[in-house]
Participant: 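Below: one structure in structure tokens.
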Amino acid sequence: MKFWLLTTEYPPQFGGGIGTYCYQWANILKSTGHEITVFLPNKAITNFIEKEINDIRVIEFSPFLVNTAAFLGYETMISYSFAEIVKIFVEKEGVPAWIEAQEYNGIAYFLLQKKHLGYPLFKDLQVLITCHAPSFLYFEFNHINNYKLPYFWIGEMEKYCIQAADVCISPSQYLIDRLLERHTFNKTFHVLPNPFKISHKAGEEVPSENSVVFLAKLSPSKGILQTLQSFKNLWRLGLKFKLKLVGDRNYFYHAKQCMMGDYIKKTYSEFIKQGLLEMTGVLPPEKVQAEIRAAKMVLVPSTVDNFPYTVVECMEAKKVVLASEQGGHCEIIEDGLNGFLFDHNKPGALEEKIIQIFSLTKEQLDAIGNNAAVKIGEACNPTTYYNEKLKVLNACKPEALQNKNFVYTQVSSEVDLDFSEKPDEMQECLLSVVIPYYNMGHLVKETINSIKSSSYQNIEIIVLDDGSDSPESLMVLQELRKDKQIKVVNQKNRGLAEARNAGALHASSKYLAFLDADDTVHPAYYSKAVNVLKSKPNVHFVGCWVQYFENSTSVWPAFNPEPPYLLYHNMVNSSGLVYKKDSFLASGLNDKGFVYGMEDYDSVMNMVANGYKGVVLPEVLFNYRVRKNSMARGFNNENKSYLYKILAEKHKSFYGTFGVEVSNLLNANGPGFGVENPTMDYHLFSGSSKSDKVLRKLFSIIKQQPLLRKIALAGYSKVKSN
């Protein structure tokens, strides 16, 4: 079996839980005769390279493989490059039996989007998502507002990956339960505890009589705050238990706007001076093992966790582990038999367990350690994991994986319309492109030429003249009437909304598109859009990424318009969509009450609210002209605010369904009309001035270096507070 593993972490550069899992699983596949390839981003290279790491084939590629850094946030850009490296190797080597990816940071987001949109090199891929550490869950327990951008958007990508995968595996039921508390997933989850191959022997260190090792990065989700408070209580009682913190102390503590290590030094300085508290920082693996062997017990007090390898490795090493009940490890630890558990929800529970463990004899502790090693041998047996996982994958028949409907992030009501074409009904394939036209004679020919250059040829063009009165524009209309492919319709000047509606009513096709008289389309846009509309019954309109031109060179990376973000900010170029005409007429007609604009945004919102959902092709296929005197240039915060008010009042029920989420987005990021792109770090510098844009770009570069980002965030927070 040809198996591809996509990951952001892999040894020797990364030793965390994701990296450990990938290493273990890759070696299991290798040892059982499968063809395994690991795909790993590497900022140090400019393209991609192939190497072997411990006999495992690893493809390292640049996160900038497709350089979308100018318009995508770092995590979203990496996801796009993951899709590109997969495309390159599918072209070279064919489709693998399975592709596996982590859900963390949504690295398979664009790959899965293209699969479900029917892109030729992606549509036959079988994708497995293995859950590890979804940020939309962990941010919450790290005291980070996960509605801040780009955190919220990263969480949406993660949710989509879980929802859209052919198979989804979790190492624990605990993690599944936490995910289902926060989002509705229309999925069957399979629980398989992470595999672990015994690879080391115990050393000669004699455990300290009073030493406890906390082994994790110093973040709130790992329980560091509760741990320090509990030990402070014990120290105040005169108990001299020593706590050693082994892990990254440069975690940025958002709630206090500083590094966690600095916070601990300042808050617990008296205990550091007394020698009761020590921070070692990150240690190499051999020193970590020495610390584990020298400790009386290992403390894993996470406030949320999936199935941490720290617990697995320590139990296999016959160490006594004290862990919280707030993690998947509680599914293998039997309290008092092969380890100990405490509940964060019970005050004083951690202190009681520490005192209990320190009261046990060496014989009792040895027995618990021996039981722990036996449990790991049973629960994390590599052969068992391999057999159970293959059983799950083999049960998924290829034909069952071909989902006729598109998979959306939100599970909600959908309208299905089967637009499958019959060979003898060619007229049903007709696409009507409506061009609202008002005194645009100097530009409309360029627009029409772009339509005629389309690879999709069965098109009628409807120019809806909305009462033009300039001589040049009237002359151009006379010329257009001579073209048999163009239908010119005249009406009195009623505005853009009514011009679009009238054009749609004159369309004799099954498919419908709008194109403003100063914009153009890529030759492939309409072919790709109609193919999606034909093949996906629950897709009613299709958009794409937008290239600005004339007075701007920016790119607008649109996204599938779904709530709650759709209610906060427009996610798609709604003036250039391709529709199933019946769907548009049923729920998308433009409202002339939006006198300053945004009638197309309202149209999209109305369609989605009524189950007529749409998608975005993740590539630039539309060109939007930015003119100095255009209607959009007349927008200001006052009329935008007024239009958002109308939107909310008109769609009161839709907003009510997602009221909490919309409120959180507003509180975290400010008004939606001030946000251009959900993938960017707008909370750092949210202004539109040149200096703010430069600073955002600088932070985007810094963000690619984890330690630099932490230092920059800390410095920025100090400057901002002064």
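Only this structure's heavy atoms are used, side chains among them; waters, hydrogens and symmetry mates stay out. Throughout, numbering of the chain's residues begins at 1 and tracks the sequence.
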Participant: Is the closest basic N to carboxylate O distance between E270 and R236 below 4.0 Å?
Facilitator: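 Salt bridge present between E270 and R236.
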Participant: What pairs with K244 under side chain to side chain donor-acceptor pair (under 3.5 Å), at least two apart in sequence or on another chain?
Facilitator: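 E291.
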Participant: Verify, without hydrogens or angle tests, whether S221 (side chain) and F141 (backbone) share a donor-acceptor contact under 3.5 angstrom.
Facilitator: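 Looks like no, no N/O pair under 3.5 Å.
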Participant: Check the pair T8 / Q102 against side-chain hydrogen bond (donor to acceptor under 3.5 Å, both in side chains), numbers first and verdict last.
Facilitator: CA-CA 8 Å; T8 54; Q102 67 204 41; 2.8 Å; yes
Participant: Specify whether F241 and F358 have parallel, tilted or perpendicular ring planes, treating 30° as the upper limit for parallel and 60° as the lower limit for perpendicular.
Facilitator: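 Because their plane-to-plane angle is under 30°, the rings of F241 and F358 count as parallel.
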Participant: Looking only at heavy atoms, which two atoms of A379 and P193 are closest? And how far apart?
Facilitator: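 Residues A379 and P193, closest heavy atoms: O-CB, 3.7 Å.
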Participant: For Q364 and T361, which I'm curious about, is there any donor-acceptor pair between the side chains at under 3.5 Å?
Facilitator: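 Side chains of Q364 and T361: pair found under 3.5 Å.
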Participant: Taking C-beta and beyond as the side chain, do P195 and C380 meet within less than 4.5 Å on heavy atoms?
Facilitator: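 Result no, sub-4.5 Å side-chain heavy-atom pair not found.
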Participant: So, taking the atom named OG1 in T184 and the one named CG in L179, what distance separates them when rounded to the nearest 0.5 Å?
Facilitator: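 One finds 12.0 Å between OG1 of T184 and CG of L179.
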Participant: Quick one: do T409 and Q163 satisfy side-chain hydrogen bond (donor to acceptor under 3.5 Å, both in side chains)? Show the steps, please.
Facilitator: CA-CA 6 Å; T409 305; Q163 193 75 275; over 6 Å; no
Participant: Would you say T267's side chain and Y263's backbone share a donor-acceptor pair under 3.5 angstrom?
Facilitator: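 Yes, T267 side chain to Y263 backbone: donor-acceptor pair under 3.5 Å.
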Participant: Taking NZ in K187 as the centre, count heavy atoms belonging to other residues, nucleotides or ligands within less than 6.0 Å. Is the count above 12?
Facilitator: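 Atom NZ in K187 is crowded, with more than 12 foreign heavy atoms closer than 6.0 Å.
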Participant: Atom OH of residue position Y104 - does it have more than 12 heavy atoms of other residues, nucleotides or ligands inside 6.0 Å?
Facilitator: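 Counting other residues, nucleotides and ligands, OH of Y104 stays at 12 neighbours or fewer.
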Participant: With distance as the sole test, does N42 use its side chain to make a donor-acceptor pair with the main-chain N or O of A44 at under 3.5 Å?
Facilitator: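 Between the backbone of A44 and the side chain of N42 there is a qualifying donor-acceptor contact (under 3.5 Å).
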Participant: More than 12 non-hydrogen atoms from neighbouring residues, nucleotides or ligands closer than 6.0 Å to NZ on K2, yes or no?
Facilitator: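 Atom NZ in K2 is crowded, with more than 12 foreign heavy atoms closer than 6.0 Å.
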Participant: With under 30° as parallel and over 60° as perpendicular, where do the rings of Y23 and Y10 fit, or are they tilted in between?
Facilitator: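 The rings of Y23 and Y10 sit tilted, inter-plane angle from 30° to 60°.
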Participant: Rounded to the nearest 0.5 Å, how far does CD of E158 lie from SG of C131?
Facilitator: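 Atom-to-atom, C131:SG and E158:CD are 9.5 Å apart.
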Participant: Can you confirm whether I56 sits close enough to V38 that some side-chain heavy atom of one is under 4.5 Å from a side-chain heavy atom of the other?
Facilitator: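 Of all side-chain heavy-atom pairs linking V38 with I56, at least one is under 4.5 Å.
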Participant: Using the ring pair (Phe, Tyr, Trp, His ring centres under 6.0 Å) definition, which of the options F39, F89, F61 pairs with F48?
Facilitator: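 That would be F89.
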Participant: Could you tell me if the side chain of V320 sits less than 4.5 Å from the side chain of V298, heavy atoms only?
Facilitator: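 SC-SC contact between V298 and V320 ruled out.
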Participant: Whether K148 engages the ring of W153 as a cation-pi pair (distance to the six-membered ring centre under 6.0 angstrom, angle to the ring normal within 45°) should be assessed.
Facilitator: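 No, a cation-pi geometry is absent between K148 and W153.
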Participant: Hey, does M259 have a side-chain heavy atom less than 4.5 Å from the side chain of Y253?
Facilitator: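 Side chain of Y253 against side chain of M259, heavy atoms only: no contact under 4.5 Å found.
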Participant: Test your reading of the model: is there a side-chain donor-acceptor pair from Q126 to the backbone of D166, 3.5 Å cut-off?
Facilitator: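 Not at all, since once roles are kept as given, no pair shorter than 3.5 Å links the two residues.
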Participant: Give a yes-or-no answer on whether the side chains of T130 and E100 include a donor-acceptor pair shorter than 3.5 Å.
Facilitator: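 Yes, side-chain donor-acceptor contact under 3.5 Å.
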Participant: Mind checking whether H132 and Y21 have ring centres under 6.0 Å apart?
Facilitator: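 Ring centroids of H132 and Y21 are less than 6.0 Å from each other.
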Participant: I want to check something: taking the side chain as every heavy atom from C-beta on, are Y386 and S31 in contact at a cut-off of under 4.5 Å?
Facilitator: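 Heavy-atom side-chain distance check fails, nothing below 4.5 Å.
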Participant: What I want to find out is whether K362 reaches D366 closely enough, with some N-O distance under 4.0 Å, to be called a salt bridge.
Facilitator: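 Yes, K362 and D366 are salt-bridged.
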Participant: For a quick check under 3.5 Å, do D343 and Q326 share a side-chain donor-acceptor pair by atom type?
Facilitator: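 Checked: D343/Q326 side chains pair up, N/O donor to acceptor below 3.5 Å.
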Participant: Assess the residue pair E52 and R57 against the criterion (salt bridge (Lys or Arg N to Asp or Glu O under 4.0 Å)); give the C-alpha distance rounded to whole Å, side-chain angles, the decisive distance to 0.1 Å, and a yes or no.
Facilitator: CA-CA 5 Å; E52 283 201 358; R57 181 196 189 202; over 6 Å; no
Participant: Would you call D262 and K256 a salt bridge, taking side-chain N to carboxylate O under 4.0 Å as the test?
Facilitator: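 Result for this pair is no, no salt bridge flagged.
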Participant: So do P63 and K43 actually touch side chain to side chain, heavy atoms under 4.5 Å?
Facilitator: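 Yes, side chains in contact.
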Participant: Would you say the side-chain atoms of N381 pair up with the backbone N or O of T384, donor to acceptor, closer than 3.5 Å?
Facilitator: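 Judged by distance alone, yes, a pair lies under 3.5 Å.
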Participant: How would you list, by chain and number, every residue that makes a salt bridge (Lys or Arg N to Asp or Glu O under 4.0 Å) with K217, sequence neighbours excluded?
Facilitator: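 For K217 there are no salt bridge (Lys or Arg N to Asp or Glu O under 4.0 Å) partners, ignoring immediate neighbours.
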Participant: Is the ring pair W25/F3 parallel, tilted or perpendicular, if the boundaries are 30 and 60 degrees?
Facilitator: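 Perpendicular: the ring planes of W25 and F3 meet at over 60°.
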Participant: Cation-pi check for Y174 against R178: NZ or CZ below 6.0 Å from the six-membered ring centre and within 45 degrees of the axis, yes or no?
Facilitator: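 Geometry flag: set, cation within 6.0 Å and 45°.
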Participant: Side-chain contact test, heavy atoms from C-beta onward, threshold under 4.5 Å: evaluate it for V311 versus I333 and give yes or no.
Facilitator: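 The answer is yes; the side chains approach within 4.5 Å.
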Participant: If you take the centroid of each ring, where Trp contributes its six-membered ring, are Y160 and H183 closer together than 6.0 Å?
Facilitator: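 Here the rings of Y160 and H183 have centres that are no less than 6.0 Å from each other.
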Participant: State the CG-NZ distance between L283 and K287, to the nearest 0.5 angstrom.
Facilitator: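 One finds 7.0 Å between CG of L283 and NZ of K287.
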Participant: What is the ring orientation for F189 with F185, classed by angle as parallel under 30°, tilted 30 to 60°, or perpendicular over 60°?
Facilitator: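 The rings of F189 and F185 stand perpendicular, inter-plane angle above 60°.
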Participant: In terms of ring plane angle, is the pair W235 and F231 parallel, tilted or perpendicular, where the classes change at 30° and 60°?
Facilitator: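 The arrangement is tilted - the two ring planes meet at 30° to 60°.
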Participant: Grab the two heavy atoms, one from F82 and one from L6, that are nearest each other, plus how far apart they are.
Facilitator: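 That would be CE2-CB, 3.8 Å.
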Participant: Are the side chains of L245 and T280 in touch, meaning some heavy atoms are under 4.5 Å apart?
Facilitator: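 No, side chains not in contact.
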Participant: Can you give me the closest heavy-atom contact between Y268 and Q229, atom names plus distance?
Facilitator: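 Heavy atoms only, the tightest pair is OH-N, 3.8 Å.
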Participant: If you look at every heavy atom in I129 and A165, which pair is closest and at what distance?
Facilitator: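 Nearest heavy atoms, I129 then A165: CG1-CB, 3.4 Å.
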Participant: To check you understand the geometry: which heavy-atom pair defines the closest contact between L225 and M260, and what is its length?
Facilitator: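 For L225 and M260, the tightest heavy-atom pair comes out as CD2-CE, 4.1 Å.
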Participant: Any donor-acceptor pair under 3.5 Å linking the side chain of N146 with the backbone of Y151?
Facilitator: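 A pair under 3.5 Å: no.
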Participant: Quick check for you: to the nearest 0.5 Å, what is the distance between T679 atom OG1 and Y74 atom OH?
Facilitator: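 Output value for this atom pair is 13.5 Å.
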Participant: Could you tell me whether E35 and K30 make a salt bridge, using a distance below 4.0 angstrom between a side-chain N and a carboxylate O?
Facilitator: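 Salt bridge: no.
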Participant: Is there a donor-acceptor pair closer than 3.5 Å between any side-chain N or O of E103 and the backbone N or O of A133?
Facilitator: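 Yes; judged by distance alone, with no hydrogens or angles, the pair exists.
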Participant: Test side-chain contact (heavy atoms from CB on, under 4.5 Å) on F340 and V321 and set out the steps.
Facilitator: CA-CA 6 Å; F340 293 89; V321 174; over 6 Å; no
Participant: Any chance you could measure H344, atom NE2, to T303, atom OG1, to the nearest 0.5 Å?
Facilitator: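 The distance works out to 6.0 Å.
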Participant: Look up atom CG in L215 and atom CG in L299, then write down how far apart they are to the nearest 0.5 Å.
Facilitator: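 Output value for this atom pair is 10.0 Å.
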Participant: On the six-membered ring of F136, is K159 placed so that its NZ or CZ lies under 6.0 angstrom from the centre and within 45° of the ring axis?
Facilitator: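 Verdict for F136: a cation-pi partner in K159.
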Participant: Is there a donor-acceptor pair closer than 3.5 Å between any side-chain N or O of Q24 and the backbone N or O of K197?
Facilitator: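 Side chain of Q24 to backbone of K197: a pair is present.
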Participant: Output yes when a side-chain donor or acceptor of N306 lies under 3.5 Å from a complementary backbone atom of S170, and no otherwise.
Facilitator: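 Not at all, since once roles are kept as given, no pair shorter than 3.5 Å links the two residues.
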Participant: Tell me whether N105 contacts the main-chain N or O of I107 through its side chain, where contact means a donor paired with an acceptor under 3.5 Å.
Facilitator: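 No: the side chain of N105 does not pair with the backbone of I107.
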Participant: Tell me the closest heavy-atom pair linking I292 and K319, and the distance in Å.
Facilitator: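 Minimum heavy-atom separation between I292 and K319: O-CE, 3.0 Å.
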